[in-house]
Amino acid sequence: METILIADDHPLFRQALVLAVSRVAPQAQILETGTLAAAAAAASTAQELRLILLDLKMPGAMGYSGIAMLHAERPEVPILVVSSAEGAAVAEEARQLGAVGFLSKDSDLGTIEAAIARALGGRAPTTTAALNAPEPLPQDVAGLTPTQLRVLREVIDGKLNKQIAHDLAMSEATVKAHMTTIMRKLGVQNRTQAALVARSMGLDLQH
């Protein structure tokens, strides 16, 4: 049985998404979460996960960190952003970080259903904010693993390798190895530059 994950902290709108999903994919198992941490946990363990419906603004998320985290957990699963955030720039940033589509929460139920159907069919939603297949950023943030994103989050918080090792229950050598890979993927020379790059793209990943 295919699974669809809905990540939104507003119960009423989450129920609207459940209704839309049940109409488009009546046989699908629907998982509901209200925080980014819960969404990441569900995404990492869900069987036959076919689609993630994500609100950008929910507990645990800053900027576009929700897309980055869930894309890192399940890079093969399309993410359809359904959010109150507005503007073409938001849709473009979402696409660059791995989303296949962006819908405003003002969209009617029929529009949301159509977007879900197209995303499940492997096609980009045909809306005014329609997005093409995801393309990685030059810094390849979308290529970071969940562990690397957690390390980067700690770096943004200004923590040293010893503190990061303690917080994430790993050795300092492992932290250093992750940092080397992170800096290579981001195309930077040091941890300060890595933090600046992440912040510049709204990836101020907080607990």
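By the 4.5 Å heavy-atom criterion applied to side chains, Val100 and Ile79 are not counted as neighbours. Put simply, the side chain of Asp9 does not reach to within 4.5 Å of the side chain of Lys57, judged on heavy atoms. For the pair Leu54 and Phe102, the minimum side-chain heavy-atom distance is 4.5 Å or more. You'll find the side chain of Ile6 stays beyond 4.5 Å of the side chain of Thr33, heavy atoms only.
A search for side chain to side chain donor-acceptor pair (under 3.5 Å) contacts involving Thr3 returns Gln29, not counting sequence neighbours. For Glu172, there are no salt bridge (Lys or Arg N to Asp or Glu O under 4.0 Å) partners at least two apart in sequence or on another chain. Taking the side chain to side chain donor-acceptor pair (under 3.5 Å) definition, one finds that Glu32 meets it with Arg14, Gln15, sequence neighbours left out. Residues that satisfy the salt bridge (Lys or Arg N to Asp or Glu O under 4.0 Å) test with Glu76, not counting sequence neighbours, are Arg74. Residues forming a side-chain contact (heavy atoms from CB on, under 4.5 Å) with Val24 (at least two apart in sequence, or on another chain): Glu113, Ile116, Ala117, Leu120. Every residue meeting the side chain to side chain donor-acceptor pair (under 3.5 Å) condition with Asn161, not counting sequence neighbours, appears here in chain and number order: Arg191. In terms of the side-chain contact (heavy atoms from CB on, under 4.5 Å) criterion, residue partners of Asn190 (sequence neighbours excluded) are, by chain and number, Thr192, Gln193. Residues meeting the side-chain contact (heavy atoms from CB on, under 4.5 Å) test with Ser44, sequence neighbours left out: Glu73. Taking Ser22 as the reference, nothing meets the side chain to side chain donor-acceptor pair (under 3.5 Å) condition, with sequence neighbours excluded. Applying the side-chain contact (heavy atoms from CB on, under 4.5 Å) rule to His10 yields the partners Asp8, Phe13, Asp55, Lys105; only residues at least two apart in sequence or on another chain are considered.
Looking at every heavy atom in both residues, Ile112 comes nearest to Ala20 through CG2-CB, 4.0 Å. The two atoms that bring Ile182 and Leu152 nearest to each other are CD1-N, 4.2 Å, heavy atoms only. Considering all non-hydrogen atoms of both residues, Gly66 and Leu36 come closest at CA-CD1, 3.6 Å. Across all non-hydrogen atoms, the minimal contact from Leu53 to Leu51 is CD2-CD2, 3.9 Å. Taking every heavy atom of both residues into account, Ala39 and Ala7 meet most closely at CB-CB, 3.8 Å. Summarising the geometry of Ile4 relative to Ala25, their closest heavy-atom pair is CD1-CB, 4.2 Å, with the distance given to 0.1 Å.
Contacts classified as salt bridge (charged side-chain N to carboxylate O under 4.0 Å, His left out) and involving residues 62-71 (residues at least two apart or in different chains) are not found.
The line from CD1 of Ile52 to CG of Leu80 is 10.5 Å long, rounded to the nearest 0.5 Å. Here NE2 of His166 is found 14.0 Å from CG of Leu160. Values are rounded to the nearest 0.5 Å. Rounded to the nearest 0.5 Å, atoms CG (Leu5) and CG (Leu70) are 7.0 Å apart. With values rounded to the nearest 0.5 angstrom, Leu168 atom CG is found 11.5 Å from Gln163 atom CD. Distance check, rounded to the nearest 0.5 Å: CD1 of Ile164 to CE of Met179 gives 7.0 Å. Here CE of Met170 is found 8.5 Å from CZ of Arg150. Values are rounded to the nearest 0.5 Å.
If you check the side chains of Ser171 and Thr174, you find a donor sitting under 3.5 Å from an acceptor.
The other members of the hydrophobic cluster of Leu109, by chain and number, are Leu19 (side-chain heavy atoms under 4.5 Å, ILVMFWY only).
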**Item:** Check against side-chain contact (heavy atoms from CB on, under 4.5 Å), Met58 and Thr35
**Value:** CA-CA 6 Å; Met58 62 178 180; Thr35 68; 5.9 Å; no
